[in-house]
Participant: 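Take this structure first; my questions come after.
A note on names: the letters A, B, ... follow the listed sequences, proteins ahead of strands, and every chain is numbered from 1.
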Number of protein chains: 2
Amino acid sequence: MMRLNKPTIKDVAKEAKVSIATVSRILNNSTGYSETTKQHVLETIDRLGYSPNAIARGLINKQSNTIGVLFPDVSGLISAELLQGIEEASHTRGFSVIVCKTDSDGKKTLDFLRLLQEKQVEGIIFTSQFLTKEFAAFIEKMAVPVITVSSYSEQDNIPSVKVDDEAAAYDAVRYLIDCNHTEIGMLSGPPTDPLAGAPRIAGYKRAILQANIPYDETKVAWDKGFYFEHGQLAFEKLYALHPDLTAIFAASDELAVSAISSAYKYGLRIPEDLSIIGYDDTRLAKMASPPLTAVSQGFESMGMKAAELLFQAIETGTQGNGEKIKHRIIERNSVKKH
Amino acid sequence: MMRLNKPTIKDVAKEAKVSIATVSRILNNSTGYSETTKQHVLETIDRLGYSPNAIARGLINKQSNTIGVLFPDVSGLISAELLQGIEEASHTRGFSVIVCKTDSDGKKTLDFLRLLQEKQVEGIIFTSQFLTKEFAAFIEKMAVPVITVSSYSEQDNIPSVKVDDEAAAYDAVRYLIDCNHTEIGMLSGPPTDPLAGAPRIAGYKRAILQANIPYDETKVAWDKGFYFEHGQLAFEKLYALHPDLTAIFAASDELAVSAISSAYKYGLRIPEDLSIIGYDDTRLAKMASPPLTAVSQGFESMGMKAAELLFQAIETGTQGNGEKIKHRIIERNSVKKH
DNA sequence: TTGAAAGCGTTACCAC
DNA sequence: GTGGTAACGCTTTCAA
């Protein structure tokens with residue numbers, strides 16, 4: 001790993017006995033050189049092992065060809081699948097993606113925003129985290145397009161790519177009801193969570209009420225989050241109070257899988273004794289035993305879609321619109337039709 | 001999203017009626033200005049909403065404060081957990097990370113390497129993909145440090161952060177044997193895979209042989225990869241030939257979970273009828289039913305470790321050494337002690 | 001304590 | 001077709 005000075009365009013020019021301008025033209029496939037010099041220059045570029053410096057390039061044409069993506073947490077399947085789609089779309093557009101892990105409390109978010117600003121990213125994708133007015137204002141000043149995925153903004157006029165959580169939750173519970181369940185509980189995240197908490201509970205409630213089932217607040221149990229670990233405690237609360245439940249709507253795949261896990265501990269069979277429907281439909285859903293029936297969001301394609309909308313915005317210089325993603329229910333084997 | 005021209009250091013200088021140099025000094029906390037001017041400049045910076053341009057900065061001090069990370073596939077838990085660690089360590093060092101999804105066939109790898117070279121990244125992390133001589137040679141020319149994680153290089157002298165796969169596999173099978181299993185099968189990925197295929201099979205074989213159990217090649221089944229989907233077919237092959245197996249060593253968590261899934265289909269109870277030990281110990285292991293006993297690699301901390309070693313190399317300008325990670329077996333409930 | 005100016009590696013305009 | 005050169009936004013030496 002020697003650290004020679006890398007050859008610059010100047011070195012190439014000198015070596016090939018042409019001007020810098022000519023080399024630059026050849027590098028950029030513009031016009032203004034003979035085929036002969038082109039070959040000659042290309043050959044010396046090759047011989048010298050020259051590689052253009054994107055930083056210098058970026059300085060002059062004010063382009064970084066880079067976007068920033070913010071995740072509260074990058075270690076789960078949701079982020080992974082989103083990122084997969086985002087990276088895919090970005091690469092085909094010639095953009096690089098910088099990932100930022102903001103931690104869910106959002107303390108680091110502003111720092112990352114500042115960083116991305118300094119690095120001159122041309123756009124920002126905000127995932128799974130509420131975009132507060134403060135953040136929105138900052139990004140507004142950055143004067144680059146933003147888009148939220150699986151999230152939305154306190155500020156309106158910020159485009160978002162997401163499903164309608166209330167409607168999706170409604171449909172999930174409706175599905176349970178259509179399977180003739182009436183004793184339906186819910187495993188939720190914090191009801192105060194504006195993204196995945198409140199709206200999904202609202203959907204649950206609406207479906208229940210509409211089916212003339214009395215709404216019982218104690219049938220929605222929750223802990224601090226949407227992860228497997230959070231499901232354990234929530235399930236126990238729920239089961240202690242309502243051992244007679246025949247179905248559970250879980251607000252995430254991990255909560256659903258956690259419920260499966262806990263149910264087995266109590267000797268419950270799934271779906272015979274207890275039906276469970278999940279939410280997200282990450283890879284985890286198919287890997288569960290039994291395979292999980294779940295509301296599908298399609299994170300990978302949501303990631304791609306968000307990136308594409310962002311690039312459109314970058315090109316046109318306008319913020320553009322978001323897109324409402326259609327959810328659907330993927331039927332597997334965790335729900336019993338009564 | 002208006003596109004005003006962002007203020008530059010020049011604007012700040014003019015507005016504050018000082019020289020560019022002074023502003024620069026203040027920005028960089030170097031010496032050579034009075035407290036009064038500092039306050040004044042800081043105030044105008046604030047008023048103008050000035051933000052330094054890292055690209056221009058990078059051009060002059062030849063630093064991008066960025067590293068590149070290559071993943072064959074970014075959508076799984078392994079990448080997610082590695083990335084979590086890498087991002088964490090990078091952020092505390094003031095570095096950004098660009099993620100590259102190379103696709104497992106490695107076709108895009110060289111393209112990404114070129115891209116990273118142009119973007120002047122200061123180091124590269126190569127994950128879960130064999131670093132061929134060709135790639136190594138390219139990186140050598142880039143003159144930046146590399147490190148492989150969960151992988152190694154055809155070229156020696158490239159540091160790597162990984163467990164000893166042969167030894168880990170050996171221990172896993174040894175664990176099964178210590179639980180008094182003798183009819184032990186293996187669910188593998190392709191035996192030709194130099195990373196996670198061959199070495200783990202070798203470990204399995206060594207443990208079997210050493211316990212004086214005859215080695216039967218047909219007891220190691222595999223399909224094209226290490227994912228859940230690949231496990232289905234492999235398990236069926238295995239079970240068709242050897243319904244008498246009492247334990248299975250799976251070369252990944254997903255293969256193990258796939259085995260659990262398939263086993264249930266055949267009416268097998270786990271671990272009563274069939275014991276299964278996994279490999280990786282991603283989040284998936286704890287979410288399985290029953291929770292999976294598995295060889296733990298600790299991807300998040302491997303990611304951190306790799307990043308830290310890389311930064312050391314960047315600082316010292318030398319390639320440095322890798323680190324052998326200690327594996328351990330996390331006991332959960334998928335293995336029965338006979 | 002401060003400012004002028006060179007230079008980082010490019011691109012793009014203007015001349016020839 | 002080709003070359004000279006200003007400019008991108010910044011850091012850093014050198015002088016004052």
Participant: Would you say Asn28(A)'s side chain and Ser24(A)'s backbone share a donor-acceptor pair under 3.5 angstrom?
Facilitator: yes
Participant: Classify every nucleotide of nucleotides 8-16 of chain C by which part a protein heavy atom approaches to under 4.0 Å, writing B for the base, S for the sugar-phosphate alone and - for neither, in 5'-to-3' order.
Facilitator: BBBBBB---
Participant: Per the side-chain hydrogen bond (donor to acceptor under 3.5 Å, both in side chains) rule, what does the pair list look like for residues 145-156 of chain B, sequence neighbours excluded?
Facilitator: none
Participant: Scan for side-chain hydrogen bond (donor to acceptor under 3.5 Å, both in side chains) pairs involving residues 74-84 of chain A, sequence neighbours excluded, and state none if there are none.
Facilitator: Asp73(A)-Ser75(A), Gln84(A)-Asp73(B)
Participant: Under a criterion of less than 4.0 angstrom to any heavy atom of chain A, what are the 5'-terminal and 3'-terminal contacting nucleotides of DNA chain D?
Facilitator: dG1(D) to dG9(D)
Participant: Answer yes if the side chains of Glu122(B) and Thr66(B) hold a donor-acceptor pair under 3.5 Å, and no otherwise.
Facilitator: no
Participant: Let's see if you get this right: which residues in residues 34-47 of chain B place a heavy atom under 4.0 Å from DNA chain C?
Facilitator: Ser34(B), Thr37(B)
Participant: For Thr102(A), run the side chain to side chain donor-acceptor pair (under 3.5 Å) check against Gln129(A), Lys107(A), Lys108(A) and tell me which one passes.
Facilitator: Gln129(A)
Participant: Is there any salt bridge (charged side-chain N to carboxylate O under 4.0 Å, His left out) pair reaching into residues 8-37 of chain A, and which pairs are they, with sequence neighbours excluded?
Facilitator: Glu15(A)-Arg47(A)
Participant: Between Ser64(B) and Lys119(B), do the side chains contain a donor N or O and an acceptor N or O under 3.5 Å apart?
Facilitator: no
Participant: Run through Ile124(B), Ile86(B), Leu116(B) and flag the one making a side chain to side chain contact (heavy atoms under 4.5 Å, CB included) with Ile67(B).
Facilitator: Ile86(B)
Participant: Does Asn321(B) CG have over 12 foreign heavy atoms under 6.0 Å away?
Facilitator: no
Participant: Can you check the Lys14(B) NZ to dT2(C) P distance for me, whole Å?
Facilitator: 20 Å
Participant: Can you find a pair of side-chain heavy atoms, one from Asp193(B) and one from Phe130(B), that are under 4.5 Å apart?
Facilitator: no
